Structures are given as structure tokens and as C-alpha cells.
Amino acid sequence: MDVAGLQARLASFAEARDWGPFHTPKNLASALGVEAAELLEIFQWLTPEQSGRIMDDPDSAHRVRDEVADVLAYLLQLCEVLGIDALAALDAKIERNETRFPVANRHSSES
């Protein structure tokens, strides 16, 4: 499924439950922040090594996938409400970052 298809499915889901009045930009942005914090909570006390292996444990992997899905769902809904093409916005941001952070100035651990 593509982004537009997912956004349509999310909109239909919300519409069927009469959630439209609650899906304001402010509420969706707030919900996005809460879900991102729930994702962060999973990693909160892990070492870098433990966090790199989080998907090896089926229970942890399930929690991570669910929170990633929640973050993405709210982000896509926010984009839909605001009329933002998420992929175009990301593409434009990468392009700006390529200019802001040229390869010649890359961070290197080599001295």
C-alpha cells in the first residue's frame, strides 16, 4: 500500500468512529508527540548495544513495531489534515540538508 492509500484508510477509520472533530492539527501533533515518547520509552534505559539488538526479542520487537505504527499513523493523519505531501516534504528536506551539510564537511572518526 502507498502513502495515499494508508492516509485514506486512516481517514475512513476515523470517519467511521466520528473522530473527525478531534483530529485537529494541534490534537494530532500532540498525539504524535505522545506516541513518539512511548517509542522512546522502550529504549530509555538500554545501552547502545542493547538498543541495537532490540528487534531480536519478539516481545520487544512487537512493542517497537506497534509504537512505530502509531507514530506513522499520527504523522500521516497530520499531513492529511494540513495538506502536506509527506514524501515531497522529506525529499525537499533531504535536498536542503545536502546543501547545509556537504560531504566535504562530514564527521569522521578517522584522524
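It should be emphasised that the depicted structure is a prediction, and the values quoted were computed from it without experimental measurement. As a basis for the values below, the full set of heavy atoms in this structure was taken, side chains included, without hydrogen atoms, waters or symmetry mates.
L46 and M55 end up in the same hydrophobic cluster when Ile, Leu, Val, Met, Phe, Trp and Tyr side chains are linked at under 4.5 Å. With hydrophobic clusters built from ILVMFWY side chains whose heavy atoms lie under 4.5 angstrom apart, L28 does not share a cluster with W19. L40 is not connected to W45 by any chain of hydrophobic side-chain contacts under 4.5 Å among Ile, Leu, Val, Met, Phe, Trp and Tyr, and they are in different clusters. Tracing side-chain contacts under 4.5 Å through hydrophobic residues (I, L, V, M, F, W, Y), one never reaches V68 starting from L87; they form parts of separate clusters.
With hydrogens and angles disregarded, no donor-acceptor distance shorter than 3.5 Å links the side chain of R63 to the backbone of D59. In this structure, the side chain of S12 does not engage the main chain of A8 through any donor-acceptor pair within 3.5 Å.
Between F43 and L39 there is a side-chain heavy-atom pair separated by less than 4.5 Å.
For R17 and F13, the positive end sits near the middle of the six-membered ring, less than 6.0 Å away and at most 45° from its axis.
Atom CD of E15 has 12 or fewer heavy atoms from other residues, nucleotides or ligands within 6.0 Å. Sparse packing is recorded around CD of E41, with 12 or fewer heavy atoms of other residues, nucleotides or ligands lying under 6.0 Å away.
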Which side-chain N or O atoms in residues 69-81 pair as donor and acceptor under 3.5 Å with protein atoms at least two apart or in another chain?
| residue | atom | partner | partner atom | Å |
| --- | --- | --- | --- | --- |
| Q77 | OE1 | H23 | ND1 | 3.2 |
| Q77 | NE2 | A73 | O | 3.1 |

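Note: E95 CD to R100 CZ = 13.5 Å, rounded to the nearest 0.5 Å.
Residues T99 and P102 come closest through the heavy atom pair O-CD, 3.6 Å. Listed here is the closest heavy atom pair of D18 and P21: O-CD, 3.5 Å.
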